[in-house]
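Data first, discussion second: the structure below is written as structure tokens.
We name chains A, B, ... by the order of the sequence lines, and we start the count at 1 in each one. FYI, side chains are in, hydrogens and waters are out, and symmetry mates aren't considered; it's all heavy atoms of this structure.
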Amino acid sequence: MIDIRLIRSNPELVKENIRKKFQDEKLPLVDEVIALDKQLRECKTKADTLRGQRNSLSKEIGNLMMQKKIEEAETIKTQVAEIAQQLEDLKELELDLPEQIRQRMMVIPNIIDETVPLGKDDSENVEVERYGEMIVPDYEVPYHIDIMESFQGIDLDSARKTSGSGFYYLTGDIARLHSAILTYARDFMIDKGFTYCIPPFMIRSGVVTGVMSFAEMENMMYKIEGEDLYLIGTSEHSMIGKFIDSITPEEDLPIAYTSYSPCFRKEVGAHGIEERGVYRVHQFEKQEMIVVCHPDDSKAWFEKFYQYTVEFFRSLLIPVRTLECCSGDLADLKVKSVDVEAWSPRQQKFFEVGSCSNLGDAQARRLAIRARNENGTYFPHTLNNTVVAPPRMLIAFLENNLTEDGKIRIPESLQMYMGGKEFIEK
RNA sequence: GGAGGGUUGGCCGAGUGGUUGAAGGCACCGGUCUUGAAAACCGGCAUACUGAGAGGUAUCUAGGGUUCGAAUCCCUAACCCUCCGCCA
């Protein structure tokens, strides 16, 4: 959510930003907000004045009562009753207008960074850089499920029986590999200076509606029946929720966490669970990084963030590229976003394994996450990025580390988490 | 799950219907004093909206209600504590 003062002072800039994102249908919202905001302030001034009158008259009644001037007090009471009536009339407007404004503010997109490439949709995202050698073996690389099954590492049939599609049993060395990758990712991030955190895996509806839009909530979140609780779709939900409506002393910034959690997603919508395997699933585990930092530092954090993911994947011998999200494909809350994509030798193309986002102060403003220095409070910047989500990254891992004779190579960095093994063999 | 007690500013804590946005203390900041420091003394010290400003409004966990007026009374919820029950 952007600062309403920006809309008041520079509506053209906000409109230009909307055009850059090819959301021209939202242009009228800007003028609507300006009009509603003006109306609200007039309404508030009026109501505040009335309340001021009521407060001072009430005090007068108190004084008169103490002096036993009952009759005079009664006269003033009738005046207050009139004011109360007028306030009652204003009350509806006072509640309705902020809601009207908020609804519009929520969908007016954040001002994107000037470096974001212009483009309509994901087809116009821009490759930034490739890392590692994109090897295409001269033998056929099997589908990841087939690789896993050849090691008795996955059981989708049983999972369908117990839980439906989009779930999986991982077993044996493949399951161990999955957990080893997470544990390695945790230590990797701790070595980078991040604080490790295990957050709640369920959050209240108040937090859910804070951290995501209604549409996202419908399409992603699983609700616990009979409780005001939802399963998190990513640890970002609980990690950012941690800071809602709080004020952090500036000297405590930056706050850099690496969090682990299982993630639960309904995946209702465009794609659904249509691919066989573990590419898109209802339940997965993820190591995440988030930071709350001073506004001056967010650009530097952003670069560091996705570089950490690149470094992590490279240490597992997986070729990756970074892909910058173009203006039209950028979610409304984001200032800038880069996806990390891993190389698939089987498909001979890259696929998404992580997403790095700088939200500027929009998320902080929306959730009243504030920082304080000697000059007062301000909204810090928030960023989040995937370190690794093993089920999906296993696809890249297995395809890139499969040897011609059907073994799985364990890169040196991971060996200590796999009991010192250099290979997984059948 | 049952019974009771609680939730006040950065922290502790007073306050049970009327100049209380909130005593007092601690912490913090500025000043006096001092060679320097400590002590002592003086002053400042919540958040947000609004107004050119003086100021005004809102906020004592949250949301409703009673009242001319609520931190204070009533209802609901969340959380914390104690006891009982249950359970990894």
Side-chain angles (χ1 to χ4, degrees), chain A residues 1-9 33-102 104-105 198-211 223-230 237-238 241-253 255 262 292 361-362 364-380:
Chain A
M1 172 146 71
I2 61 172
D3 192 343
I4 195 163
R5 279 172 291 201
L6 184 65
I7 296 184
R8 280 180 208 151
S9 64
V33 165
I34 291 172
L36 288 165
D37 176 53
K38 187 161 173 278
Q39 220 186 322
L40 173 64
R41 283 193 289 170
E42 282 166 3
C43 168
K44 268 203 74 168
T45 307
K46 209 164 150 190
D48 281 358
T49 311
L50 286 172
R51 267 189 283 266
Q53 286 172 6
R54 185 195 61 192
N55 288 350
S56 61
L57 286 175
S58 289
K59 274 177 193 165
E60 223 175 292
I61 292 171
N63 288 333
L64 291 170
M65 299 285 262
M66 277 192 282
Q67 293 167 40
K68 303 283 183 218
K69 296 182 181 169
I70 308 294
E71 244 170 73
E72 282 175 57
E74 287 301 325
T75 319
I76 297 176
K77 273 192 196 180
T78 59
Q79 289 179 39
V80 177
E82 271 173 48
I83 292 172
Q85 186 52 51
Q86 291 181 55
L87 273 172
E88 194 59 38
D89 296 341
L90 280 174
K91 201 175 167 186
E92 204 175 312
L93 263 183
E94 247 191 319
L95 288 174
D96 187 50
L97 286 170
E99 184 50 36
Q100 295 273 339
I101 292 169
R102 191 179 160 78
R104 288 164 177 77
M105 292 296 290
I198 301 172
F201 302 153
M202 296 184 205
I203 50 177
R204 289 216 179 92
S205 59
V207 180
V208 177
T209 52
V211 297
K223 189 179 188 332
I224 304 297
E225 198 180 345
E227 310 250 348
D228 181 31
L229 285 173
Y230 290 78
H237 295 156
S238 353
K242 190 176 190 303
F243 297 97
I244 287 180
D245 204 22
S246 69
I247 301 175
T248 304
E250 186 173 80
E251 58 266 28
D252 292 351
L253 299 182
I255 301 177
V292 179
D361 66 3
R365 178 172 297 104
R366 180 171 162 178
L367 301 175
I369 296 170
R370 284 156 296 167
R372 190 208 316 268
N373 62 19
E374 60 280 5
N375 300 319
T377 63
Y378 59 90
F379 295 109

query = In whole Å, what is the span from the CG atom of A:Leu57 to the P atom of B:U19?
reply = 16 Å
ask   = Can you find a heavy atom in the side chain of A:Asp245 that is under 4.5 Å from one in the side chain of A:Arg370?
value = yes
remark   = Taken to the nearest whole Å, CG/A:Asp228 to C1'/B:C79 is 14 Å
ask   = Taking atom P of B:A70 as reference, at what distance in whole Å does atom CD1 of A:Ile61 sit?
value = 11 Å
task = Just jot down the salt bridge (charged side-chain N to carboxylate O under 4.0 Å, His left out) partners of A:Asp3, sequence neighbours excluded, or say none.
result = A:Arg5, A:Arg365
Partners meeting salt bridge (charged side-chain N to carboxylate O under 4.0 Å, His left out) with A:Lys77 (sequence neighbours left out) = A:Glu74
Indicate every side-chain donor-acceptor pair of residues 84-98 of chain A with a distance under 3.5 Å to a residue at least two apart or in another chain.
from: A:Gln85; atom 1: NE2; to: A:Asp89; atom 2: OD1; distance (Å): 3.4
from: A:Glu94; atom 1: OE1; to: A:Arg51; atom 2: NH2; distance (Å): 3.4
from: A:Glu94; atom 1: OE2; to: A:Arg51; atom 2: NH2; distance (Å): 2.7

task = With C1' as the reference atom in both, quote the distance from B:G21 to B:U72 in angstrom, rounded to an integer.
result = 15 Å
Nearest-Å distance once atom C1' is located in both B:C60 and B:G15 = 11 Å
query = Expressed in angstrom and rounded to an integer, what is the separation of A:Lys77 atom NZ from B:U66 atom C1'?
reply = 13 Å
task = Let me know the distance between CZ of A:Arg51 and C1' of B:U67, rounded to the nearest Å.
result = 17 Å
request  = Between B:U19 and B:C29, how far apart are the C1' atoms? Round to whole Å, please.
outcome  = 29 Å
ask   = For the side chain of A:Arg204, counting heavy atoms from C-beta on, which of B:A78, B:C68, B:A58 is nearest?
value = B:A78
remark   = Whole-Å distance, A:Ile83 CD1 to B:G69 P, equals 11 Å
request  = Give the rounded distance in Å between these two atoms: CE of A:Met65 and C1' of B:G69.
outcome  = 10 Å
request  = Among A:Ile198, A:Ile203, A:Val207, find the one that has a side chain to side chain contact (heavy atoms under 4.5 Å, CB included) with A:Ser238.
outcome  = A:Ile203
task = Please identify each residue that fulfils salt bridge (charged side-chain N to carboxylate O under 4.0 Å, His left out) with A:Glu82, with sequence neighbours left out.
result = none
key: Atom pair distance, as rounded to whole Å: CZ in A:Arg54 and C1' in B:U57   = 10 Å
Listed pairs, N/O of protein and of nucleotides 46-53 of chain B, under 3.5 Å:
from: B:U47; atom 1: OP1; to: A:Arg372; atom 2: NH1; distance (Å): 3.1
from: B:U47; atom 1: O2'; to: A:Arg370; atom 2: NH1; distance (Å): 3.3
from: B:A48; atom 1: OP1; to: A:Thr377; atom 2: OG1; distance (Å): 2.2
from: B:C49; atom 1: O2'; to: A:Lys44; atom 2: NZ; distance (Å): 3.0
from: B:U50; atom 1: OP1; to: A:Arg8; atom 2: NH2; distance (Å): 3.1

remark   = Applying salt bridge (charged side-chain N to carboxylate O under 4.0 Å, His left out) to A:Arg102 and not counting sequence neighbours gives none
ask   = When rounded to the nearest Å, what value does the distance between C1' atoms of B:A23 and B:G9 take?
value = 13 Å
key: Position toward the 5' end of RNA chain B (nearest nucleotide), A:Thr49 or A:Asn63   = A:Asn63
message = Give me the distance, rounded to whole Å, that separates B:G63 from B:A71 when you measure between the P atoms they each carry.
response = 13 Å
Phosphate-side-chain proximity, A:Asn55 and B:U57, N/O vs OP1/OP2 below 4.0 Å = yes
